[in-house]
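Proteins come first, then strands; the chains are lettered A, B, ... in the order of their sequence lines, and each starts at number 1.
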Amino acid sequence: MTDSRIDFTAADHAAELARAGAHVTGWRGATLLLIRRYPLGAIGAVIFTLFVFAAVFADVVAPMDPLSTNSRASLAAPSATYLLGADFMGRDVFSRLVYGARISLAVGLGATALGCLFGILVGLLSGYLGGWIDLVVQRVIDIMQSLPLLVMALVMAASLGPSLRNTIIAIAIPLVPNVARVIRSNTLSLREMPFVEAARAVGMGELRIALRHVLPNTLAPIIVLATAQLGSTILTEASLSFLGLGVPEPHPSWGRMLSESAAEYVRTAPWLVIFPGVAISLIVFGTNLLGDAVRDILDPRQRS
Amino acid sequence: MGAYLVRRLALMVLTLFGMSVVIFVLLRIVPGNIADILFDSAGMVDPAEKARIVAELGLDQPIAAQYLKWIGGLFQGDLGYSYLSEKPTIEEIAPRIPITAKLALLALIFSTVIGVPLGVISAVRQNSGLDYVIRVLSLSGLSLPSFWLGLLILMAAVRYFGDIPIYTRTPASLWDELLLYSLPAAAVGFRSSALVMRLTRSSMLEVLRQDYIRTARSKGASAAAVNFNHGLRNAVLPVITIIGIEAAFLLGGLIVTETVFNIPGVARFLVEAIRWRDYPIVQNLVMFIALVVVVVNLIVDLLYSALDPRIRYAD
Amino acid sequence: MSSRLASIGAMLTAVALAAAAPALAQKSGGVLHVTHRDNPPSASIHEEATISTVMPFMSLYNNLVVFDPKTKQNSLDAIVPELATAWKWSEDGTQLTFTLRDGVKWHDGKPFTSADVKCTWDRIIGATEARFRKNPRKPWYFNLKEVTTNGDREVTFRLGRPQPSLLAMLAGAFSPVYPCHVPAAQMRTKPIGTGPFKFVEFKQNESMKVVRNPDYWKPGRPYLDAIEFTIIANRSTALLAFIAGKFDLTFTGEVTTPLLKDIKSQAPQAVCEMQPTNTQANLLVNRDKPPFDDARVRRAMGLAIDRKAFVDIVAEGNGDIGGAMLPPPQGIWGMPPDVLATVAGYAPDVEKSREEGRKIMAALGYGPDKPLKIKVSTRNIAAYRDPAVILIDHLKQVYIEGELEPLDTPVWYARMARKDYSVGMNVQGIGIDDPDVVFYETFSCGSERNYTNYCNPELEKLFDQQSVMTDQAKRRALVWEIDKRLQEDGARPVIFHGRAATCWQPAVKGINLAVNTIYNHWRFEDVWLDK
């Protein structure tokens, strides 16, 4: 990396991306450029894409039915048939991990999207409208932030009961205040910007201003925030499932796979503990790398 | 300053009050109550007996009345009785606090001792090979679930020492106690150290870009002296903030880690109390955690504003 | 000789040898360290029905009579005195009179009298204002009308009709005598008994401790100074600590087959015994809820089940197939193999049965493209969930597509009570290997534990008929008949009976497990440490 990178700004990126949109060759060029500039981010993107691929094409990728039990394969060690071994009930660990990617990504993307959506809405409203709404929202955010994320998610998950949908909700809700806070502060500064004043001067409605002018300008921090949260939502799901409050059996949730085997087979079948952990760590690692790169690209102030 | 403090304290009370309402309502949404749990061990539920227990515990009262009773008790220092053990809640919670506190403190020390120096090195040697290695390492730290890391540590302990530390309230020696706490503290602390490292690095970078550093450099001060005299000293402030945030963050990690290492601290106790629908324990424990978080935040903010003028002066 | 018989034979030989060998000089003293699997709900045995309470706290109490702790099989023929020195049935078999031991004191120094016995069972049958908060033993004593005393040293149990099994119920760990002067609530937190050990402390989710009762009425007992139970919820961790020598004894029935292999290789000196836990996995089918109100659907379901696969997977081959009663030779009342083979749905050729099941379902309009979709409800605990997952896998064979519905414990009980489920996977522990205990609680009309609402008045008459019988052989034949009809009716299809091991270090002496219960041999008065 050269020092010139320090002066590399978002504007350059924007130009690049615009070019990329215009020409196919430009696309390729931009991609190559990005890979060269952000090799770690590129690795993250590859890892993430692999997992998405596994999740989407789980039916094709997984050699076996992840739910089908087989008494003869109970605790089978890794082999040609059972790539990563089999669990207590003779279910193929590799196939379960592949299908598990669906759950991890569904929860990760679902909870992040849901949390961001509500966070944006709340942040935009409270930042743009201000007044008593802002005051109330601020207090609610204070309350929600007075508990660590996992504790909040834990209480939520217990209240809602164990299911895939409820796990997504339980993880999304504690995200809302984080997102709302960032959006609110962005909105606050944008509200006083000349172009907003101008829009107001030409008689544009407040709602339209908020949606047409303020929202698009908060997009960059939203994307940065969302990619940064993705890894942590996946981890939260794993932790909740590990504690038995997340996604229930027979869904092959990685966290759940870990907790069951951790209790029984740490010594007799260590692969049951190792592989799900590797899967969780790898996907979170990938999204974190990706998140860092996205932040560097979109938020040059924080660029490292 | 005085007015600010009063305002902050008022907001704190408001936040805690809000938390008490939220947790109380959430717990009442939870399907099933303690009466059902109590019957678990009996293998059946006799409706008449259940109704008696529900009445005995006051769960048949209107929710507002239950809430007022709890809050009223709180103000008189009466935290109620655990549904399960039938002992005063305070007797159940209090002895577990030092256990978790010790763990958290060790983990905090661990994460600071590792995270801050690495963060500084990484910032000073920005974009060097070393920087990359440290960054990847810290990112992997953020990616490893702490319960899994804990399990790996346990598995390694078994493989190489044929033994694992089992919690006892009265460890044989200080060494035993340190061993008992340091493994789980490392499991949680590793993840936190990654966070501390990242944030230290970025705040250090910020500081290094400031004009006065450039000035100092242009005056011919040695690079190392500038980095440490000016850079680190000014990066200390954000690091304090980070560590403050960390304290709350650690608590989340401790929930799973105490479970893995079978340590009877408050964090694991919370999960168990939720599972048992032991409302008095959950409510009071959650309030306690919220109190800790809010107070830590306040202390961090006060520290920040206390140190603020000196920084302006330095500017 | 089957391997099961062989293992029983080996066990009996071992016992015989131990008895024949000149008694080693027992040593007194030492603290026994035991792992515990989870947090006991309370210390009050009368209010709980779990081994989690029985194993750590049985040593605080005494019964009137007890299953002979030196035998391997709990039965009506092997009952010895404890707080009662003698007992006698009345001519008509409706009154059982006990003569009580002199000079027994409660741990708080108060004398033990007949009033305490009356008090305890009055609380169970609801004859007094002072109640237990929970009363799980109530269904056992439906036939007990009254307990009367005659002076301080005699007490009589008066029954509605003859019931020889009463003595078996009184001999189990679940029938300790409670002190009349201690309120029920205190028995949950700071219990007082007459037993060989006294309660010290119970730290929630952490540990339990009992110490030697120096005033124990049995001279020279107990040997141990104290027993400490440490709660370690994670089974691997617990067994690892055992292997590392930190504990003398594992929690009973917690060592599963794979874990047993591990212990055998890592700590070959450890003494381990594999025994039936008298816990059975059974199916709850809601016969009031369509389509399960149709006997054909229930039958097809029964035909899909491959019981051997369950035993192979869940119990790693260490389980038994049988009906409602624990199969012989460990169980006294279970159907022998030749009778079992005649029961529909227990045929060895599973593929053939499944073919028949598919035909039934096809006739009802289901098929591979149009499966019957159901929810299989179960408790969100591995012991329940594992068999449920296998069940779903098997049901696919007869065009039934099951979706697992894991329920938290409180929700599970609420749903069972409301009969709000279609198919449930249930695990049931049986405290005493006795037909009265099993039949009335589980299958009689209107019983609270009769989750499936199975109600067959004709069979109910047979329950009563076997209950009054004194001729054991005849009674056993009738019990087989009842069990067979229960299984064929699909009242609560039994999938398998579980087994697990208990291990202890070689220095621990005087432990004797029974083959047909995990509950009744934890008085700890004969246990000593050879250290």
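- Residues A:V93 and A:M257 have side chains in contact (heavy-atom distance under 4.5 Å, counting atoms from C-beta outward).
- Between the side chain of B:T100 and the main chain of B:I97, no donor-acceptor pair closer than 3.5 Å is present.
- Heavy atoms of B:L11 lying under 4.5 Å from chain A belong exclusively to its side chain.
- In this structure, B:W276 and B:F269 have perpendicular ring planes: the angle between them is above 60°, well past the 30° mark.
- The shortest distance between side-chain heavy atoms of B:W148 and A:I280 does not fall below 4.5 Å.
- With a 4.5 angstrom heavy-atom cutoff, A:F242 touches chain B only via side-chain atoms.
- Your options are A:V155, A:I234, A:T236, A:L282, and the one with the most heavy-atom pairs under 4.5 Å with chain B is A:V155.
- Contacts from residues 259-266 of chain B to chain A, taken as heavy-atom pairs separated by less than 4.5 Å, involve B:T259, B:V260 in sequence order.
- Both the backbone and the side chain of A:P270 come within contact range of chain B, each with at least one heavy atom under 4.5 Å from a heavy atom of that chain.
- Taking B:D278 as the reference, nothing meets the salt bridge (charged side-chain N to carboxylate O under 4.0 Å, His left out) condition, with sequence neighbours excluded.
- Side chain of B:D131 to backbone of B:N127: a donor-acceptor contact under 3.5 angstrom is found.
- In this structure, A:R37 does not pair ionically with A:D296, as no charged nitrogen and carboxylate oxygen lie closer than 4.0 Å.
- Annotation: cation-pi geometry satisfied between B:R28 and B:F24 (NZ/CZ under 6.0 angstrom from ring centroid, within 45° of ring axis).
- Within the 4.5 Å cutoff, the side chain of A:V52 has no heavy atoms near those of the A:T49 side chain.
- Using a 4.5 Å cut-off between heavy atoms, B:V292 makes no contact with chain A at all.
- Both the backbone and the side chain of B:I29 come within contact range of chain A, with heavy atoms under 4.5 Å apart.
- Counting heavy-atom pairs closer than 4.5 Å to chain A, the top residue among B:L16, B:I274, B:V294, B:V21 is B:I274.
- Interface remark: of the candidates A:V273, A:I43, A:V151, A:V273 forms the most heavy-atom pairs closer than 4.5 Å to chain B.
- Looking at A:V140, there are no atoms closer than 4.5 Å to chain B (heavy atoms on both sides), in backbone or side chain.
- Close placement of the A:F51 and A:W254 rings is indicated, their centers lying within 6.0 Å of each other.
- For chain B, the option among A:G231, A:G244, A:A238 with the highest count of heavy-atom pairs below 4.5 Å is A:A238.
- Interface residue A:L40: only side-chain heavy atoms are found under 4.5 Å from chain B.
- Ranked by non-hydrogen atom pairs under 4.5 Å with chain A, the options B:V256, B:L14, B:L291, B:V282 are led by B:V256.
- Using a 4.5 Å cut-off between heavy atoms, A:L289 contacts chain B through both its backbone and its side chain.
- Residues A:D142 and A:R181 are paired through a salt bridge, judged by an N-O separation under 4.0 Å between the basic side chain and the carboxylate.
- The side chain to side chain donor-acceptor pair (under 3.5 Å) analysis of residues 279-293 of chain A, with sequence neighbours excluded, yields the pairs A:N288-B:S143, A:D292-B:R198.
- Looking at B:R268, neither its backbone nor its side chain comes within 4.5 Å of chain A, counting heavy atoms on both sides.
- Residues A:L272 and A:L75 meet the side-chain proximity criterion, which asks for heavy atoms closer than 4.5 Å.
- Identified under the side chain to side chain donor-acceptor pair (under 3.5 Å) test for residues 11-21 of chain B, with sequence neighbours left out: B:S20-B:Y67.
- The parts of B:L139 that come within reach of chain A are both its backbone and its side chain, each placing non-hydrogen atoms under 4.5 angstrom from that chain.
- When each of A:L245, A:L243, A:L149, A:V278 is checked for heavy-atom pairs under 4.5 Å with chain B, A:L243 comes out on top.
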